[in-house]
Amino acid sequence: MPPKEQEVETGIDSLNDSIETEVDGKKDKKKKKWYKMKKKNKKKKKKLKLRDKVPEQAIKQTRVINQNLNPKWGESFTIDLQDLQDDIFHLEIWDHDEDTTVFGAMRNINEVSGVKGMQRYFKQIVHNAKNTDGNVDDFLGSIDIPIKDIPSHGKTDWFKLEGKSEKSKAKGKIKLQLHLGYRKDEDEEENEQIEEDRMNPVESYRCILTQLVEHELKQMENSSRWDGTLNHEAVYLLHQIAIQNQLTQLNLAYCRWLAYSKAHTLYAMDYRFLHSLLKMVEEQWKITQQTSSKECFTTKEEVTLAASFDAFVKYCIGLLRKQRDVFPPQKKNVVRLEWLLKCLQHLQALDIYEKLCPSQTDIHSQIINGIHEGTIEWFYRIRAFTEPGTSTDGEMVSAIAAMTNTLNLDLVRSYKYTGKLYQAMLQIDYFSIAYKNFDKLLGEEVIELMTGVNKSLKSQTIDTTEISTSLFELYLALKDLLGFKQYLNKSDAEALVLADYHKYFKKAVQNWLALAYNKAIQRIEKAVELDKVEQVDAMVKHSTSAVDVACCFGQIGEFYSKLDWPDIEGSYVFVMKITDDICRAALFYANIIHKDLISKGYYDDEGQFDVTDQLCIAINNIEQVRRSLAVLPKSLNWDKLFTLVAMKQGEQSSEQCKASLKEMLASADDDMVNIILKVAGRVGDKMRPDVKKFIFQFAYAPVKQSLDDAITPLMQYLDKNLITLSEGLLQINFQRILETLWQVVLDEMREQVIGEHELPNGIISP
């Protein structure tokens, strides 16, 4: 049997501003006058108004909204129906006039301005004076909706206002939400046998809503953007249950929060929607407190709501502990994290939360604790993931380096995304919390590991070749980690466990430099062994060994640049060591090239000497490597070192440091130039006998022979060799040999002039 009573629920939302009222004090169109014939001595029968036909309990009235052409009521009313087929929902809109008397209207005379305003003012006084029925409100329009036209699932729409007659000027629209429902009457309710353990209406509604929500979520592939909207059938069912049990808006807000917050622990949901549910609970709670003398919730409901708040906070804190997995640094995930924090922030500020959960109100501290615990848990997860299969020093160093690089990546994301979000919303320094935890935990690991490694390096019980690369990777990873301390406050930065991390790598750096020098020497020997000619441009040539050596020196400089040793005293020692090693290696290369020339007969006295490509390439190689020394001050950042020494130890120490380095570099440069000049001098020595012969022939040429003809053999000989030298040598090397040759020519000519000479072999004195 269906319930005996039917009811209509109407929600009056807002009124469109196209309605013409007296609020604005303007009328654009002139009113037409209508005249009616009246008979004397006959009383006009008073017309029966609609409100006189309708029972008083079926008449509802909204509050008055003053001075607003677009009023929004947001009120709900429930009206009992008698006949679904014949009943009509009737609504009237009136413009309420506060000036109900002539004296009331006259009080506003000071507000009148202009001629038109004065005209309207006097019309208002006349209107009030003529009013006899006590109602000075202006009729704006009405609507009539047959109950049978309202669908079972309800209707929300804008309805056009109509006048009392066709001649009425009523216009505008009003938005209504209409719903139909059924309710048992009181007699039937009293006669029912109700079991003691029967669920109360609110709890029943909550359980059904919970089932419907979970069913909806199971059908979704991605629920993280779901706004909580249920299907049409579910909405209709819930609405009927709410009407039948006369549930209030607070009851509904309470049930929705419980149902959706519970589902949130099982499925990912849109936190914007959960945030709106929290706001609805708070708003309805405050409205109920203001409008009702009854308690908002039963004791059981208060306990249930408090438990849901507590469960929601704990679950969200759990998500924050795992946020690196739950909210990876992508735009959509950052937005979800932002709204989760807004939910916690809003819950913290709710009066109802403070009342129901007085001992759990410090959500801010719970978030901070969650960040601490989550950071520690994540650190040990990364440690377990990177832990090597064996416990050798080399593998342990590699594992710690890999873990440090992962921490650095997390810190970058924390600073760019997560940290800024926490700081802006909750004033929580997320980055500092994460960084200090990493520093403490990683610092303990690094100190313990490097203490053992340094003992092994000192006792030479470890293969430095194998571990050096891993140590350098760890050093660079820690250097990057310490680079983030600029975002900490000064006291936190000074208290870091790894603040002096470089001290644990001093012995390792010394081994690196020694190993680098030995490898450089081996590389030079191998490069000379595998030498191939490389053409610099169309004429000048050098071999691959020079390129390899210069590249090797550049890599050592790059290594030191990456090292960026933070300690000034240590920096000076290392720069001196690197500069000395490179200079010695360059001189070693020059000597190898020179020895190679000797081994190939360059200094032999037998046979005619001719300039060859091999000679040019050898000299060019030495010059090419010599030039690579010139970039050492820049690649090793001498100027920065001199400045730091001056700041800490004074200008005198800085000048001494500068003088020592420059002297070291100048000495190596001179040694290499001397080797080049030695080779160039040998060219002159090898060409001297031929030059002497040609000059002697020139000096004792027949008188009849012209000077041009006499000197031609000498010039052809010089021209042939100088062209070869010019094409094959770097410009500076050509200048060096040219000076040597001209000196040989001048020396031989001088000997001919002063007569201090011997006849060359094969020449007979006249």
Side-chain angles (χ1 to χ4, degrees), residues 324-325 328 375-414 434-485 496-520 522-523 552 554-567 570 574 578:
R324 292 171 177 86
D325 300 316
T375 301
I376 294 171
E377 291 172 2
W378 191 75
F379 175 86
Y380 283 113
R381 278 180 55 200
I382 298 302
R383 185 180 183 277
F385 181 76
T386 57
E387 190 171 2
T390 59
S391 58
T392 62
D393 287 341
E395 291 189 353
M396 290 297 297
V397 170
S398 296
I400 297 295
M403 180 172 67
T404 306
N405 286 325
T406 304
L407 299 182
N408 287 337
L409 180 59
D410 181 76
L411 289 173
V412 171
R413 293 170 175 172
S414 298
Y435 188 91
K436 289 189 289 186
N437 275 295
F438 288 160
D439 172 71
K440 180 178 181 298
L441 297 171
L442 182 63
E444 295 171 354
E445 299 273 348
V446 169
I447 292 173
E448 181 181 358
L449 174 65
M450 290 306 300
T451 300
V453 170
N454 284 327
K455 288 181 179 179
S456 298
L457 291 174
K458 189 174 182 180
S459 62
Q460 297 182 349
T461 58
I462 188 173
D463 187 353
T464 57
T465 304
E466 293 183 1
I467 200 173
S468 291
T469 302
S470 299
L471 284 171
F472 187 55
E473 290 175 354
L474 176 58
Y475 176 89
L476 293 181
L478 292 173
K479 176 175 168 288
D480 291 340
L481 181 74
L482 267 292
F484 290 109
K485 73 177 182 180
L496 293 176
V497 176
L498 289 170
D500 296 326
Y501 74 98
H502 61 282
K503 293 181 179 179
Y504 297 98
F505 291 85
K506 189 173 183 179
K507 182 64 178 176
V509 173
Q510 293 171 351
N511 284 331
W512 288 337
L513 296 180
L515 182 63
Y517 176 74
N518 292 332
K519 284 186 172 294
Q522 294 172 9
R523 186 169 173 179
C552 179
Q555 289 173 348
I556 295 175
E558 184 180 355
F559 158 78
Y560 181 76
S561 178
K562 289 182 178 180
L563 190 67
D564 194 21
W565 193 260
D567 180 67
F574 294 148
I578 293 173

ring-ring contact (aromatic ring centres under 6.0 Å, His included) against [X], all qualifying residues, sequence neighbours excluded:
| X | result |
| --- | --- |
| Phe484 | none |
| Tyr560 | none |
| Phe385 | none |
| Tyr501 | Tyr475 |

Considering residues at least two apart in sequence or located in another chain, which fulfil the side-chain hydrogen bond (donor to acceptor under 3.5 Å, both in side chains) criterion with [X]?
| X | result |
| --- | --- |
| Gln510 | none |
| Arg383 | Glu445 |
| Thr451 | none |

Interatomic spacing from [atom1] in [X] to [atom2] in [Y] - rounded to 0.5 Å:
| X | Y | atom1 | atom2 | value |
| --- | --- | --- | --- | --- |
| Ile556 | Glu558 | CD1 | CD | 11.5 Å |
| Leu563 | His502 | CG | NE2 | 10.5 Å |
| Trp565 | Phe505 | CH2 | CZ | 8.5 Å |
| Ser468 | Leu457 | OG | CG | 7.5 Å |
| Leu474 | Leu449 | CG | CG | 7.0 Å |
| Glu387 | Met403 | CD | CE | 9.5 Å |

Pairs meeting criterion ring-ring contact (aromatic ring centres under 6.0 Å, His included) with involvement of residues 395-414, two or more places apart
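For residues 395-414, and leaving out neighbouring residues, there are no ring-ring contact (aromatic ring centres under 6.0 Å, His included) pairs at all.
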Contact check, side chains of Leu441 and Tyr380, non-hydrogen atoms, under 4.5 Å
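Yes, close enough: below the 4.5 Å cut-off.
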Are the side chains of Val509 and Phe574 in contact, using a 4.5 Å heavy-atom criterion?
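Heavy-atom side-chain distance check passes, below 4.5 Å.
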Summary of salt bridge (charged side-chain N to carboxylate O under 4.0 Å, His left out) pairs that have at least one residue in residues 393-413, sequence neighbours excluded:
Arg324-Asp410
Fit a plane to each ring of Phe438 and Trp378, take the angle between them on a 0 to 90° scale, and name the class: parallel (under 30°), tilted (30 to 60°) or perpendicular (over 60°).
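Ring orientation of Phe438 relative to Trp378: tilted.
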Step through the shown structure and confirm whether more than 12 heavy atoms of other residues, nucleotides or ligands are within 6.0 Å of CD on Glu448.
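Result for CD/Glu448: open.
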Using the test salt bridge (Lys or Arg N to Asp or Glu O under 4.0 Å), find all partners of Lys440 that sit at least two apart in sequence or belong to another chain.
Glu444
Got a sec, which residues hit salt bridge (Lys or Arg N to Asp or Glu O under 4.0 Å) with Lys503, two or more places apart in sequence or on another chain?
Asp500
Would Leu496 and Leu482 count as a side chain to side chain contact (heavy atoms under 4.5 Å, CB included) if you check the C-alpha gap in whole Å, the side-chain angles of each, and the deciding distance to 0.1 Å?
CA-CA 9 Å; Leu496 293 176; Leu482 267 292; 4.1 Å; yes
For residues 398-407, which residue pairs qualify under side chain to side chain donor-acceptor pair (under 3.5 Å), counting only residues two or more places apart or in two chains?
Ser398-Ser470
Is there a donor-acceptor contact under 3.5 Å from the side chain of Asp439 to the main chain of Tyr435?
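Judged by distance alone, no pair lies under 3.5 Å.
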Does Asn454 use its side chain to pair, donor to acceptor, with the backbone of Lys507 at less than 3.5 Å?
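Checked: no pair found.
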Considering non-hydrogen atoms only, spot the tightest contact between [X] and [Y] and give its length.
| X | Y | value |
| --- | --- | --- |
| Ala508 | Leu471 | CB-CD1, 3.9 Å |
| Met396 | Pro388 | SD-CG, 3.6 Å |
| Lys479 | Lys562 | CE-O, 3.3 Å |

Using the side chain to side chain contact (heavy atoms under 4.5 Å, CB included) rule, take Leu478 and Leu442 through it: C-alpha gap first, then chi angles, then the decisive distance, then the call.
CA-CA 10 Å; Leu478 292 173; Leu442 182 63; 4.0 Å; yes
Yes or no on side chain to side chain contact (heavy atoms under 4.5 Å, CB included) for Leu476 and Phe472, after CA distance, side-chain angles and deciding distance?
CA-CA 6 Å; Leu476 293 181; Phe472 187 55; 3.5 Å; yes
One pair to check against side chain to side chain contact (heavy atoms under 4.5 Å, CB included): Val497 and Ile447. What are the steps and the verdict?
CA-CA 9 Å; Val497 176; Ile447 292 173; 3.9 Å; yes
